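Worksheet for the structure shown next.
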Amino acid sequence: MTIKIYNTLTRKKEELETLEPGIVKMYVCGPTVYSKAHVGHAMSAMVFDIIRRYLEYRGYEMRYLMNFTDVDDKIIARANAQGADPFQLAEGYIRDYEQNLSDLNIKPATFNPRATQEIDQIIEMIAGLVEKGYAYPVDGDVYFRVTKDEDYGRLSGRKIEDMQAGSRIDIDDRKEHPMDFALWKAARPGEPAWESPWGKGRPGWHIECSAMNLHHHGEQIDIHGGGNDLVFPHHENEIAQTESLTGKPFARYWVHNGMLQLGGEKMSKSTGNLVSIEEFLSNYSADTLRFTVLNANYRGPLTFNDDVLAQSENALNRLASGFRPALPGAKGATVDVLASLAKQVEETQTSFINNMDDDFNSAGALGSLFDLVRVINQARTSGATNEELQPAQGKIRELTSVFGLVLAETKGSESQADAFIDLLLDLRASLRKDKLWAYSDLIRDRLKELGVTLEDSKDGTTWRWD
RNA sequence: GGCGACGUGGCCAAGUUGGCAAGGCAAGGGUCUGCAAAACCCUCAUCACGAGUUCGAGUCUCGUCGUCGCCUCCA
C-alpha cells in the first residue's frame, strides 16, 4: 500500500516517495507573530499535525520544521504603536502560540526556527543569489530578478505577463520589473536592523523560509505545507529563491490546506474577521475543532459556525459511546456477535488505512470508525462483557489517537467520590425497589447537577461523569 | 480582468481506472424502561442547471448560474 498526496505543483495526487527511506522532511509556514493567533491558524496547524501523526503511524520518522516570522513590517508597526520593543512583542506572541498549540493537543514540531535567528544564513543566501545574477541590490535593498527565473509562476499557474495587467502592484521605479520582490530591506530609522554587505537592513518575508530550509533540512525537502493563501506569492517566491540558488527541485510535495470560512468568508487577521484560539477554547474543546477539521477535506474551505461545532460535539459523544463498559449483568455475547465484532475491527483498520493513504481522507476514515462504534454498541446491547469488547475498543482508541483526538474516557474511576456515589446508588436501588420514585429521581437529578449521569437498565444502574 | 477550487438529503460531509449515492448531526416511528437517559432497530437524496460522450456518469467534455480563494500582508 502506498500513500498518495495531492501536490499543488502538479495538481495531481502522487505517491509518496521520500528523499531518504523512512524519513519525511516537512516544513510548514508558521505565523507572523504580531497578534494573537486565530482558529484559521489552528486549522492549518491541526491539518499538518494530523498528517504528521498519520505518517508516524505508518512508520515514518518525521523531521518537522515550523517557523516563526518574528521580524516584519507589522510587528514593527505594532510595537511602535505600543511603544514596545518589537523583539519582546514577538517573543510574547510566540509563547502564546506555543501555548495555543499545546492546548489544541498539537504535537510540537521537531524544531521551530525563527527569522531573527537565521540572519547569517539569510545573508549568505542572498549573496549567493546576487552572485549568480538572480538578485540585484538597489539603495540598500536587494530584489529578486523574476525575469531571470524561466519557470517563475509554475506553482501558482501564473505568467508574469498576465499579472501585470490590472494588477495592484505598486510601481517602484528602482525595480527592474514590477514583480521583482525584496530579499533584503534597507533599514529605516527606528527599525531593527542587521549588518549586511548592502548596509544595515532586515530580511524580506519570503527569504527566511528558504534559508531555514536550507540550513536545517538541506537543499531538498519532501513536504512543504501551509495555507493555500500562501501559494502566491510566498511559496512561489520560495521556490524561485531556493531553486535558483541550488539548481535542484526544492520540495517534492506542496501541500496546502483550505481556508476556514467564518460567515462565508475567509477568517483573516488583516480584515478582523476572526475568532482567536483562546476565545474558541473558552467555549469548545480542542477535540471539537479537531473533529470538525477531520470531518472535511483538508484542501477545501471549512465551514465554521456554532451549528457545525455543535454537530461535532454530538458526533464526538457518539464516538466516545463506543468506550462505555459492558452493561450490568452482561453474560457474554454469542459467537456470531463476537465474530462480526472481530470482522468489523479488521474492516475498520483496513478502511482507515485505505482512506488515509488516499491523500489523508480523514472524513472517509471517520466513517469506518463510526461503523465500528455501531458494532461495538450492538455487541454491548446483546450482552458482551468488558473482556469481549476490549479489543474493539482498543482499536477505536488506537485510531482516534492517530487523529489526535483525546476523547476523554469516562473519568471517575480514580475519583475519591466514587465510593460515595456507589453508596448513593445502593440507597437509590432500595428506594426504587420500594417504588419511591420521587426520592430516587431526586438523587438522579441532583447527581446530574453535579455532573454524574445515571442510566438505569433492568439489570442495574450505571453512572459516569459527564 | 487573469489564475485556481468548488456546488451531493434540513445541516456538516465521503465518494478521481464511470457500474445500482459512506458516515455524523438533526427529525419521525419502534424496542427497552416506573419515568428519564443511553443504546439498539426502522424511515429520510439520483448528486446546482442545460447539453454531450457512453450499454451505463455524482464521477469524463462543453456551456450557464452560483460560491470561495489567490493576483496586496495573511494559515
Side-chain angles (χ1 to χ4, degrees), chain A residues 4 6 8 11-13 28-32 34 37-48 66 69 72-74 153 156-159 161-170 179 205 225-234 236 256-261 264-271 291-292 295-297 299-305 307-319 321 324 327 351 355 358-359 361-371 373-374 376-382 432 435-437 440-441 444-445 448 453-458 462 464:
Chain A
K4 281 192 255 171
Y6 182 87
T8 306
R11 306 192 187 285
K12 283 189 306 218
K13 285 183 193 173
V28 175
C29 290
T32 301
Y34 70 93
H38 59 68
V39 188
H41 297 106
M43 175 200 176
S44 183
M46 220 164 232
V47 162
F48 290 100
M66 191 207 73
T69 299
D72 97 325
D73 293 344
K74 284 184 181 161
S156 54
R158 291 155 209 265
K159 298 192 189 86
E161 313 84 67
D162 291 345
M163 286 185 290
Q164 285 181 268
S167 75
R168 289 169 279 178
I169 302 160
D170 290 337
M179 291 308 296
W205 175 38
N228 68 13
D229 53 350
L230 296 181
V231 172
F232 188 91
H234 186 54
E236 194 70 72
H256 294 99
N257 63 276
M259 294 294 101
L260 192 144
Q261 301 295 121
E265 278 179 21
K266 171 184 159 189
M267 185 174 286
S268 169
K269 264 201 281 204
S270 51
T271 58
F291 185 91
T292 307
N295 192 40
N297 184 297
R299 283 189 277 125
L302 183 72
T303 307
F304 181 88
N305 56 48
D307 200 35
V308 164
L309 294 169
Q311 289 181 21
S312 292
E313 288 187 326
N314 290 334
L316 283 163
N317 283 336
R318 168 142 188 94
L319 212 44
S321 76
R324 297 207 183 137
L327 298 175
S351 170
N355 276 297
D358 183 12
D359 194 34
N361 181 357
S362 51
L366 266 182
S368 69
L369 244 33
F370 280 107
D371 288 339
V373 167
R374 186 183 344 100
I376 289 173
N377 288 341
Q378 284 169 344
R380 184 191 304 99
T381 299
S382 72
R432 292 184 71 214
K435 300 193 191 301
L436 295 169
W437 308 124
S440 103
D441 289 352
R444 183 172 64 195
D445 293 346
K448 181 77 181 171
T453 299
L454 302 192
E455 286 171 6
D456 297 322
S457 74
K458 63 176 184 297
T462 58
R464 64 171 184 275

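Small disclaimer: the values here were computed from a predicted structure and weren't measured. First the proteins, then the strands, lettered A, B, ... as listed; each starts at 1.
Rounding to whole angstrom units, CZ of residue A/Phe304 and P of B/A13 are separated by 13 Å. With rounding to whole Å, A/His256 atom NE2 is found 12 Å from B/A75 atom P.
A/Val308 comes within 4.0 angstrom of sugar-phosphate atoms only, judged by non-hydrogen atoms across all strands, and of no base. When heavy atoms are screened at a 4.0 angstrom cut-off, A/Gly264 is found touching the sugar-phosphate backbone but no base atom. Counting non-hydrogen atoms under 4.0 angstrom, A/Asn228 reaches the backbone sugars and phosphates but no base. Residue contacts for A/Asn355: at a heavy-atom cut-off of 4.0 Å it reaches no nucleic acid atom on any strand shown. Nucleic acid contact for A/Asn297: sugar-phosphate only, since backbone atoms but no base atoms lie under 4.0 Å from a heavy atom of the residue. Base engagement by A/Ser268 is indicated by at least one non-hydrogen atom pair under 4.0 Å involving a base atom. Note on A/Lys448: nothing from the nucleic acid sits closer than 4.0 angstrom, heavy atoms only. Nucleic acid contact for A/Leu319: none, since no nucleic acid atom lies under 4.0 Å from a heavy atom of the residue. Within 4.0 Å (heavy atoms only), A/Asn257 reaches at least one base atom of the nucleic acid. At a threshold of 4.0 angstrom between heavy atoms, the contacts of A/Lys74 include nucleobase atoms, whether or not backbone atoms are also involved. Within the nucleic acid shown, A/Ser440 comes within 4.0 Å of at least one base atom, counting heavy atoms only. When heavy atoms are screened at a 4.0 angstrom cut-off, A/Arg380 is found touching no nucleic acid atom at all. A/Gly300 comes within 4.0 angstrom of no nucleic acid atom, judged by non-hydrogen atoms across all strands. Within 4.0 Å (heavy atoms only), A/Gln261 reaches sugar-phosphate atoms of the nucleic acid but no base atom.
Applying the Watson-Crick and G-U wobble criteria (two distances, each under 3.5 Å), B/A45 pairs with nothing in any strand. The partner of B/G1 is B/C71, by the rule that a Watson-Crick or G-U pair needs both atom distances under 3.5 Å. The partner of B/C65, taking Watson-Crick or G-U wobble pairs whose two distances both stay under 3.5 Å, is B/G7. Pairing for B/C60 is with B/G52, a Watson-Crick or G-U wobble pair whose two hydrogen-bonding atom distances lie under 3.5 Å. Checking B/U16 for Watson-Crick or G-U wobble geometry (two distances, each under 3.5 Å) identifies no partner in any strand. Pair assignment for B/G34 gives none, since no Watson-Crick or G-U wobble pairing has each distance under 3.5 Å. When both distances must be under 3.5 Å, the Watson-Crick or G-U wobble mate of B/A22 does not exist.
Applying the 5.5 angstrom centroid cut-off and the 30 degree plane-angle cut-off, the aromatic ring of A/Phe370 is not stacked upon the base of B/G24.
For A/Arg11 against B/G4, no side-chain N or O and base N or O form a donor-acceptor pair under 3.5 Å. With hydrogens and angles ignored, a donor-acceptor pair under 3.5 angstrom links the side chain of A/Ser270 to the base of B/C73. For A/Asp229 against B/C70, no side-chain N or O and base N or O form a donor-acceptor pair under 3.5 Å.
The phosphate of B/A75 has neither OP1 nor OP2 within less than 4.0 Å of any side-chain N or O from A/Arg299. Taking only side-chain nitrogens and oxygens, A/Lys458 never comes nearer than 4.0 Å to OP1 or OP2 of B/G34.
The A/Gln378 side chain lies nearest to B/C41 when the options are B/C41, B/C25, B/A75. With B/G23, B/C68, B/A13 as the candidates, the nucleotide lying closest to the side chain of A/Thr303 is B/A13.
Inspection of the A/Ser44 and A/Asn257 side chains reveals an N or O donor paired with an N or O acceptor under 3.5 Å. A donor-acceptor pair shorter than 3.5 Å can be found between the side chains of A/Asn377 and A/Arg380.
We find that A/Glu236 and A/Arg158 are not joined by a salt bridge, their nearest charged nitrogen and carboxylate oxygen being 4.0 Å or further apart.
Interatomic distance, OG of A/Ser156 versus NE2 of A/His234, reported as 13.0 Å (0.5 Å rounding).
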